[in-house]
Amino acid sequence: QVQVVESGGGEVQAGGSLRLSCTASSSSDDVAMAWYRQAPGKGREPVACIGRNGQSPYYADSLGSRFLISRDNANHTMFLQMNNLEPDDTATYYCATSLYFLCTSGWKGTNRYNHWGQGTQVTVSS
């Protein structure tokens with residue numbers, strides 16, 4: 001069973017930065033990984049996706065260029081660098097892996113992902 005663990009969340013003031021990490025167990029054989037987030041009282045929304053070799057990153061349109069997704073396969077880890085954070089970025093951030101679906105234009109569907117982490121909380125104060 002693949003285990004996925006997020007870390008790096010915390011509280012930051014608006015305009016600040018955070019770097020989230022997602023580590024998958026060594027048995028992971030994913031073809032893509034993604035970040036999602038869920039704010040209180042809202043549904044889970046896609047943030048970004050990246051292919052196994054770092055190819056084809058996709059981002060939610062609403063983020064502009066503030067977030068950057070990357071991965072380090074040698075350490076089974078994916079990252080989300082979040083800059084110029086806004087209060088609306090406050091949410092629990094989740095990591096997910098896909099065994100079958102590449103990171104393509106259809107990346108946002110949650111049913112593409114097989115394993116999910118428990119989430120890491122990000123709070124941005126104004």
Side-chain angles (χ1 to χ4, degrees):
Q1 179 71 16
V2 174
Q3 293 186 331
V4 178
V5 179
E6 304 93 339
S7 61
E11 186 168 352
V12 64
Q13 290 189 331
S17 298
L18 282 174
R19 189 191 196 204
L20 305 184
S21 298
C22 167
T23 300
S25 60
S26 59
S27 60
S28 175
D29 193 21
D30 69 89
V31 298
M33 297 181 74
W35 287 99
Y36 281 72
R37 67 185 183 183
Q38 187 167 13
K42 296 186 177 180
R44 193 167 295 192
E45 64 172 353
V47 174
C49 174
I50 189 168
R52 181 171 182 83
N53 296 317
Q55 74 274 29
S56 305
Y58 280 80
Y59 297 90
D61 293 340
S62 61
L63 298 177
S65 59
R66 298 185 298 117
F67 290 12
L68 179 66
I69 190 171
S70 62
R71 63 187 293 169
D72 174 3
N73 288 338
N75 292 300
H76 308 284
T77 303
M78 176 179 65
F79 304 98
L80 185 69
Q81 177 66 43
M82 304 186 297
N83 301 318
N84 194 21
L85 283 161
E86 303 170 353
D88 284 347
D89 295 318
T90 295
T92 300
Y93 284 71
Y94 297 92
C95 170
T97 68
S98 177
L99 298 178
Y100 308 111
F101 294 97
L102 299 174
C103 189
T104 64
S105 58
W107 67 276
K108 296 180 180 179
T110 56
N111 58 355
R112 300 167 67 97
Y113 301 95
N114 307 93
H115 301 103
W116 292 80
Q118 294 299 307
T120 185
Q121 177 66 37
V122 171
T123 302
V124 184
S125 57
S126 58

Closer than 3.5 angstrom, by distance alone: can the side chain of [X] be matched with the main-chain N or O of [Y] as a donor-acceptor pair?
{"X": "Ser25", "Y": "Gln3", "value": "yes"}
{"X": "Glu6", "Y": "Thr120", "value": "no"}
{"X": "Arg52", "Y": "Leu102", "value": "no"}
{"X": "Arg37", "Y": "Glu45", "value": "no"}
{"X": "Ser98", "Y": "Val31", "value": "no"}

- Task: For the pair Trp107 and Tyr58, name the ring-plane relationship: parallel under 30°, tilted 30 to 60°, perpendicular over 60°.
- Result: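 Trp107 and Tyr58: tilted rings.
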- Query: Got more than 12 heavy atoms from elsewhere within 6.0 Å of CD, Gln118?
  - Reply: no
- Rounding to 0.5 Å, atoms OG1 (Thr123) and CG (Leu85) come to a distance of 10.5 Å
- Query: Which value, rounded to the nearest 0.5 Å, describes the distance between Thr97 atom OG1 and Met33 atom CE?
  - Reply: 6.0 Å
Do [X] and [Y] come within less than 4.5 Å of each other through their side chains, counting heavy atoms only?
{"X": "Thr92", "Y": "Arg44", "result": "no"}
{"X": "Val2", "Y": "Asn114", "result": "no"}
{"X": "Tyr59", "Y": "Ile50", "result": "no"}
{"X": "Thr110", "Y": "Trp116", "result": "yes"}
{"X": "Glu86", "Y": "Val124", "result": "no"}
{"X": "Asp89", "Y": "Met82", "result": "no"}
{"X": "Asp30", "Y": "Arg71", "result": "yes"}

Return a table of donor-acceptor pairs under 3.5 angstrom between the side chains of residues 7-22 and protein atoms on other chains or two or more places apart.
| unit_1 | atom_1 | unit_2 | atom_2 | d |
| --- | --- | --- | --- | --- |
| Ser17 | OG | Asn83 | OD1 | 3.1 |

- Partners of Tyr113 by ring-ring contact (aromatic ring centres under 6.0 Å, His included), sequence neighbours excluded?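 Tyr113 satisfies ring-ring contact (aromatic ring centres under 6.0 Å, His included) with Tyr36 only.
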same_hphob_cluster([X], [Y]) at 4.5 Å side-chain heavy-atom cutoff:
{"X": "Leu80", "Y": "Met78", "answer": "yes"}
{"X": "Leu99", "Y": "Val5", "answer": "no"}
{"X": "Tyr94", "Y": "Val122", "answer": "no"}

- Item | Residue pairs, two or more places apart or on separate chains, that pass disulfide (SG to SG under 2.5 Å) and touch residues 96-126 | Cys49-Cys103
